[in-house]
Amino acid sequence: MSPSQVLWLMASVFTPVGALVAAAAYRRIREIRRLVREGERAQGLVIRLEPTKLEGHGSDHTVTVRSSGTTVYYPVIAWATADGQAMETKANIARPRNRTPSPGTRVEVRYDPAEPSRWTLPAEKPGMWWLAVALGGLFVLLGTGFSIGASAFGR
């Protein structure tokens, strides 16, 4: 395989993957903003934490999240819609124990009354989603660079 073919292959992988990741993350950011602005308010209660152990590929490797170890926690929140529908929802992003609301903590929930499964915690910042947008953008830039390189090699 020639160098230009390798570069075209890399470009054809990095560019669409980066675009999809960035678009999906940005869509989530827009949804969070919309819910915070326009969503119905409900009072929720953290009823438990669901621990998740992060593991790498294979059985002997683990991924360490800074000094917090390999276990992160999803808060599970009980709340009710304005029409009285009981909800029990799990947050989208797991965090280290010291950055996760403890069971018994009251939290504000914002949700879409037409689709209560679409909800967010206004106190949560979309920083992780912005990181995904940046990573996707980086992949698009890399893919663009690969395609420019492939064009230069092809001459």
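Computed from a predicted model, the values in this text were never measured in an experiment. Computed from heavy atoms alone, side chains included, the values below leave out hydrogens, waters and symmetry copies.
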*Asks:* Would you say CZ of R106 has more than 12 non-hydrogen atoms from neighbouring residues, nucleotides or ligands within 6.0 angstrom?
*Replies:*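 Counting other residues, nucleotides and ligands, CZ of R106 stays at 12 neighbours or fewer.
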*Asks:* Give the cluster check for F146 versus V17: same hydrophobic cluster or not, with ILVMFWY residues linked at side-chain heavy-atom distances below 4.5 Å.
*Replies:*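 Yes.
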*Asks:* Of the non-hydrogen atoms in A11 and G143, which two are nearest, and what is the gap between them?
*Replies:* CB-O, 3.3 Å
*Asks:* Is the closest side-chain heavy-atom distance between K90 and V76 below 4.5 Å?
*Replies:*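 Side chain of K90 against side chain of V76, heavy atoms only: contact under 4.5 Å found.
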*Asks:* Output yes when E40 and R110 qualify as a salt bridge under the 4.0 Å nitrogen-oxygen rule, no when they do not.
*Replies:* no
*Asks:* Would you say Y73 and V109 are hydrophobically clustered, going by side-chain heavy atoms of ILVMFWY under 4.5 Å?
*Replies:* yes
*Asks:* Between CH2 of W129 and CD1 of I29, what distance do you get to the nearest 0.5 Å?
*Replies:*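 Rounded to the nearest 0.5 Å, the CH2-CD1 separation comes to 8.5 Å.
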*Asks:* Output the distance between atom OG1 (T71) and atom CG (L49), rounded to the nearest 0.5 Å.
*Replies:* 12.0 Å
*Asks:* For residues I47 and A78, report the shortest heavy-atom separation together with the two atoms involved.
*Replies:*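 Taking I47 first and A78 second, the nearest heavy atoms are CG2-CB, 3.7 Å.
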*Asks:* Taking 4.0 angstrom as the limit, do R28 and E31 come out as a salt bridge?
*Replies:*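 Yes, R28 and E31 are salt-bridged.
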*Asks:* Measure the shortest side-chain to side-chain distance between I77 and W119 over non-hydrogen atoms and say whether it is less than 4.5 angstrom.
*Replies:* yes
*Asks:* Please give me the minimum heavy-atom distance between L7 and G149, naming the atom from each residue.
*Replies:* CD1-C, 3.5 Å
*Asks:* Would you compute the distance between atom OH of Y74 and atom CD of E50 and round it to the nearest 0.5 angstrom?
*Replies:*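 Reported value, rounded in 0.5 Å steps: 9.0 Å.
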*Asks:* How close do M87 and S117 get, counting heavy atoms only, and between which atoms?
*Replies:*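 In this case the closest contact between M87 and S117 is CE-N, 4.2 Å.
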*Asks:* Identify the heavy atoms of P16 and S12 that sit nearest to each other, and give their distance.
*Replies:*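 Taking every non-hydrogen atom into account, CG-O, 3.0 Å.
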*Asks:* With hydrophobic residues grouped by side-chain heavy-atom distances under 4.5 Å, do L141 and Y26 end up in a single group?
*Replies:*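 Looking at the clustering, Y26 is in a separate group from L141.
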*Asks:* Taking the side chain as C-beta and beyond, is there a heavy-atom pair between S151 and W8 under 4.5 Å?
*Replies:* yes
*Asks:* Atom CZ in F14, atom CG in L142: separation rounded to 0.5 Å?
*Replies:* 6.0 Å
*Asks:* Quick one: do R48 and E88 make a salt bridge, cutoff under 4.0 Å?
*Replies:*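 Result for this pair is yes, salt bridge flagged.
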*Asks:* Where the side chain of S147 meets the backbone of T144, is there a donor-acceptor pair that is under 3.5 Å apart?
*Replies:*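 A pair under 3.5 Å: yes.
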*Asks:* Following the transitive rule for hydrophobic clusters with a side-chain heavy-atom cut-off under 4.5 Å over Ile, Leu, Val, Met, Phe, Trp and Tyr, establish whether I93 and L131 coincide in one cluster.
*Replies:*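 Not linked; separate clusters.
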*Asks:* With hydrophobic residues grouped by side-chain heavy-atom distances under 4.5 Å, do V36 and W130 end up in a single group?
*Replies:*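 Linked within one cluster.
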*Asks:* Would you check, one step at a time, whether the test side-chain contact (heavy atoms from CB on, under 4.5 Å) holds for T105 with V107?
*Replies:* CA-CA 6 Å; T105 303; V107 293; 4.3 Å; yes
*Asks:* Parallel, tilted or perpendicular for Y111 and W79, by the 30°/60° rule?
*Replies:* tilted
*Asks:* Could you measure the distance from the OG1 atom of T120 to the CG atom of N92? Nearest 0.5 Å is fine.
*Replies:*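 Answer rounded to 0.5 Å: 7.5 Å.
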*Asks:* Taking all atoms of both residues into account, what is the closest heavy-atom pair of A42 and A80, and its distance?
*Replies:*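 Closest approach of A42 to A80, heavy atoms only: CB-O, 3.5 Å.
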*Asks:* Could you measure the distance from the CG atom of D112 to the CG atom of L35? Nearest 0.5 Å is fine.
*Replies:*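 Nearest 0.5 Å value for the CG-CG distance: 6.5 Å.
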